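Read through the structure below, which is laid out as structure tokens, and then see the notes.
All values derive from a computational prediction rather than experimental measurement. Proteins come first, then strands; the chains are lettered A, B, ... in the order of their sequence lines, and each starts at number 1.
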Amino acid sequence: MTWVYIEDIAGYRDKDIELRGWLYNKRSSGKIRFLQLRDGTGLIQCTAFNPDKDNPLFKKIDSLTQESSLIVFGKVKEDPRAPGGFEIETSDIDIVQIADEYPITPKEHGTQFLMEHRHLWLRSRRQNAVLQIRVDVIRAIRDFFDGRGFRNMDTPFLTPSACEGTSTLFETEYFDQKAFLSQSGQLYNEATAAAFGKVYCFGPAFRAEKSKTRKHLIEFWMVEPEVAFAVLEDIIELGEDLIVFIMDRVLTRRRNELEILERDTAPLERIKKPFPRMTYEEILPKLNEKGSDIKWGGDFGAPEETMFGEIFHHPCCITHFPAEIKAFYMQPDEKRPDTVLGVDFFADEGYGELIGGGQRIHDLKLLEQRLKEHKLPREAYEWYIDLRKYGTFPHSGFGLGVERTLGWICGTKHIRETIPFPRLLYRIYP
RNA sequence: UCCUCGGUAGCUCAAUCGGUAGAGCGGGUGGCUGUUAACCACUAGGUUGUAGGUUCGAGUCCUGCCCGGGGAGCCA
């Protein structure tokens, strides 16, 4: 018999097939049995009917526990009574294993318990839907950049020093020296951009900050494009195109999952280019009107991030931040040297910063000065400085946080659900 | 790091003023031909996070510790 996956079941109407998976739930009623089987690609109901309630098939079925692994043999039937429109008329089953008493029952559980059983929680419908969307978002990101001629250049995870010198880094041993886990591939991207024109890196980033909020992970995934000769305006458009591309992909292919998550898709469907755009200076009075006491030189906090949604009802771009609150490599604006050509993209509905980026300093003298101002050790940045000596070029890039983007698309309350095994401040198990 | 809330059956929770620890789900047994977190009956299941203290008596009050949840700062 043919082994079929549940997601392909519609092509096997009235055929005898074989499904391999796990028992999600079962119900019985005298002479009829209902099995809900999942195989990782979907969920389907298998029925068995027999007037003799002591028949061998019923004996096998009745011995099954939640999450027991089994192979089901039967005929695919279209039936409007079944969820999904198809069900299996079971002729026989092979039990692979009778599962031990499964800790996650169909009733509700607390966060602590679920997080301790993350390895099993992944099997449940909601978690499955979020992570399926993750698969599509990651593929969309790669398709987007590959389709535009970007070269994927992987950057190292083990680095000799801080990329930005600000955030806390995880320290580790590198034979007889110290090494740090990378918090961004950007600086290396600037070197590969000079070699390949337009590049991106896509990998995990590690931040040893003791932040404990629903928007933070200790280990998260980030895609970082870098484009030689691009200026701020170019990179803003690239960011807009990327978000529109991802959204279009998810809305086309993952309606079903969004429905399982009960995500209101209206705010996602109205997203289009160009995004509302304002400078830091322009947005301040709007934030003050809404009750924020933020002043020039202050950074946005959680309340301000929520206000962006109330002001624009759309993801927005904020540009031209005060130089003092941004990283050392940010290119100053010619007309306002106290501001930099940086851009942050904020999601609406309070999901926070999705993208941070901008134009980099390409002038040798200015970069040297900034390194001094930030008290960064020149030796560690010698190679980075070289890029400004040998055919320097204006260039720009950004980083997009995959889990933040997913949290927003899926409407999850907490970012920890958007990655299979989240690393959180007080949780590294499982 | 700071603020805040919590830890009782495998899970989610209840337990009045300090006075015999209880319910639903899950497990077991039996019943039911269309169930949708099925339903009905019966049943087993407890060192109340931990170490002390107050008291005739502590799940409940006090102190320390451990482990978590929510939030802040910082960031993607």
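Rounded to whole Å, the P atom of B/U8 lies 15 Å from the corresponding atom of B/G46. One P atom belongs to B/G27, the other to B/G22, and the distance between them is 24 Å to the nearest Å. A distance of about 16 Å separates the P atoms of B/C67 and B/A51, rounded to the whole Å. Rounded to the nearest Å, the gap between the P atom of B/G34 and that of B/G68 is 48 Å. Between the C1' atoms of B/U50 and B/C39, the separation comes to 42 Å (whole Å). The gap from the P atom of B/G19 to that of B/A58 amounts to 11 Å, rounded to the nearest Å. B/G18 and B/G28 have their P atoms separated by 41 Å, given to the nearest Å. One P atom belongs to B/C42, the other to B/C25, and the distance between them is 12 Å to the nearest Å.
Proximity note for A/Thr213 (side chain, C-beta onward) versus B/A76, B/G73, B/G70: the nearest is B/G73. Picking from B/C75, B/G70, B/G68 the nucleotide with the shortest atom distance to the side chain of A/His414 gives B/G70. The side chain of A/Met222 has B/A76 as its nearest neighbour among B/C75, B/G73, B/A76. For A/Glu353, counting side-chain heavy atoms from C-beta on, the closest listed nucleotide (B/A76, B/C74, B/U1) is B/A76. When distances run from any side-chain atom of A/Glu101 to the nucleotides B/A76, B/G68, B/G26, the shortest one goes to B/G26. Nearest nucleotide to the side chain of A/Ile415, out of B/A37, B/A76, B/G70: B/A76.
Taking the syn range as angles within 90° of 0, the glycosidic angle of B/C25 is outside it, so the base is anti.
Atom NZ of A/Lys372 is surrounded by 12 or fewer heavy atoms from other residues, nucleotides or ligands within 6.0 Å. For A/Lys273, the NZ atom is densely surrounded, since the number of other residues' heavy atoms within 6.0 Å is greater than 12. For A/Asp100, the CG atom is loosely surrounded, since the number of other residues' heavy atoms within 6.0 Å does not exceed 12. The 12-atom threshold is exceeded at CD of A/Glu282, counting heavy atoms of other residues, nucleotides or ligands nearer than 6.0 Å.
At whole-Å resolution of the value, CD1 in A/Ile294 and C1' in B/G73 are 13 Å apart. Rounded to a whole Å, the CZ atom of A/Phe113 is 6 Å from the C1' atom of B/C11. Spacing between atom CD1 of A/Ile243 and atom C1' of B/A76 amounts to 12 Å, rounded to whole angstrom units. For the pair A/His216 NE2 and B/C75 P, the computed distance is 9 Å after rounding to whole Å. Counting to the nearest Å, the C1' atom of B/C75 and the CG atom of A/Asp344 are 10 Å from each other. Distance, A/Tyr429 OH to B/C67 P: 16 Å, rounded to whole Å. When the P atom of B/C74 is taken as reference, atom CZ of A/Phe300 falls 12 Å away, rounded to whole Å. For the pair A/Arg416 CZ and B/G68 C1', the interatomic distance rounds to 11 Å; values are reported in whole Å.
Under the 30°/60° scheme for interplanar angles, the aromatic rings of A/His314 and A/Phe275 are found to stand perpendicular. Ring geometry for A/His117 versus A/His119: interplanar angle under 30°, hence parallel rather than tilted (30 to 60°).
Between the side chains of A/Glu226 and A/Tyr200, not a single donor N or O lies within less than 3.5 Å of an accepting N or O.
A ring-centre distance under 6.0 Å is not found for A/Phe345 and A/Phe308. Ring pair A/Tyr188/A/Trp383: centre-to-centre distance below 6.0 Å.
Nucleic acid contact class of A/Glu305 (heavy atoms, under 4.0 Å, all strands): base. Within 4.0 Å (heavy atoms only), A/Ile104 reaches no atom of the nucleic acid at all. The residue A/Ala205 sits apart from the nucleic acid: no heavy atom pair falls under 4.0 Å. Residue-level contact check: A/Leu400 touches neither bases nor backbone, having no heavy atom under 4.0 Å from any strand. Note on A/Phe220: a base of the nucleic acid sits closer than 4.0 angstrom, heavy atoms only.
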What does the list of N/O pairs under 3.5 Å between the protein and nucleotides 28-34 of chain B look like, with a distance for each?
| unit_1 | atom_1 | unit_2 | atom_2 | d |
| --- | --- | --- | --- | --- |
| B/G31 | OP1 | A/Lys53 | NZ | 3.2 |
| B/C32 | N4 | A/Ser28 | OG | 3.2 |
| B/U33 | OP2 | A/Lys31 | N | 3.4 |
| B/G34 | O6 | A/Arg81 | NH2 | 3.2 |
| B/G34 | N1 | A/Glu87 | OE2 | 2.9 |
| B/G34 | N2 | A/Gln45 | NE2 | 3.4 |
| B/G34 | N2 | A/Glu87 | OE1 | 2.8 |
| B/G34 | N2 | A/Glu87 | OE2 | 3.4 |

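Contact check on A/Glu67 versus A/Arg38 returns a salt bridge, with a Lys/Arg side-chain nitrogen under 4.0 Å from an Asp/Glu carboxylate oxygen.
Residue-to-nucleotide contacts include a donor-acceptor pair under 3.5 Å from the side chain of A/Arg404 to the base of B/C75.
Take the nearest nucleotide of RNA chain B for A/Leu424 and for A/His109: the residue whose nucleotide is more 5' is A/His109. Comparing A/Glu116 and A/Gly352 against RNA chain B, the residue whose closest nucleotide sits nearer the 5' end is A/Glu116.
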- prompt: In dot-bracket notation, what is the pairing pattern of RNA chain B, taking Watson-Crick (N1-N3 plus N6-O4 or O6-N4) and G-U wobble (N1-O2 and O6-N3) contacts under 3.5 Å, with [ ] crossing and | for other strands?
  reply: (((((((..((((.....[..)))).(((((.......))))).....(((((..]....))))))))))))....
- request: May I have the step-by-step check of side chain to side chain contact (heavy atoms under 4.5 Å, CB included) for A/His109 and A/Thr105, ending in yes or no?
  value: CA-CA 8 Å; A/His109 298 279; A/Thr105 66; 3.3 Å; yes
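Judged by the 6.0 Å and 45° rule, A/Arg33 forms a cation-pi pair with A/Phe58.
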